[in-house]
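Worksheet: one structure, shown below.
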Amino acid sequence: SMMLAPSVAYDIDLIHASEILAQFVLRASEEMVEFMFDGIKLTLYSNGSLMFYHFNDPDVGYDVCDRVLAMVAPESDR
């Protein structure tokens, strides 16, 4: 497992994020969204951090982070 965090903290509305990611979501709350993406189990936190489970490839991880944050982060935060 590994955790990746953006260089600048985000303020992601996780309820809205769970709606955007609805087809992937395993469970969601105001604190986190747990979902599957590209076959990887992830947890997204409001600051933009992503926890990867059973996965340790930082190069692929950063690409996944970029793609997920592009979907859920407010335009003003990017």
Validation row: [X], [Y] side chains within 4.5 angstrom (heavy atoms):
X: Met32; Y: Arg27; value: yes
X: Phe52; Y: Val64; value: yes
X: Tyr10; Y: Val72; value: no

How close do [X] and [Y] get, counting heavy atoms only, and between which atoms?
X: Ala5; Y: Ser49; value: CB-OG, 3.4 Å
X: Leu4; Y: Gly61; value: CD1-C, 3.5 Å
X: Ser18; Y: Ala28; value: CB-CB, 3.6 Å

Cluster question for you: counting only ILVMFWY and a side-chain heavy-atom cut-off of under 4.5 Å, with indirect links fine, are [X] and [Y] together?
X: Leu14; Y: Met51; value: no
X: Ile12; Y: Leu26; value: no
X: Met2; Y: Phe37; value: yes
X: Leu69; Y: Ile20; value: yes
X: Val60; Y: Leu50; value: yes

Open item on the list: Tell me whether Asp38 contacts the main-chain N or O of Ile40 through its side chain, where contact means a donor paired with an acceptor under 3.5 Å.
Closed with: no
- [ ] Might you confirm whether atom OH of Tyr62 has over 12 heavy atoms from other residues, nucleotides or ligands at distances under 6.0 Å?
- [x] no
TODO: Specify whether Phe24 and Phe35 have parallel, tilted or perpendicular ring planes, treating 30° as the upper limit for parallel and 60° as the lower limit for perpendicular.
DONE: tilted
Task: Euclidean distance, Met3 CE relative to Leu42 CG, rounded to 0.5 Å - done: 11.0 Å
TODO: To the nearest 0.5 angstrom, please state how far the CD1 atom of Ile15 sits from the OG atom of Ser46.
DONE: 11.0 Å
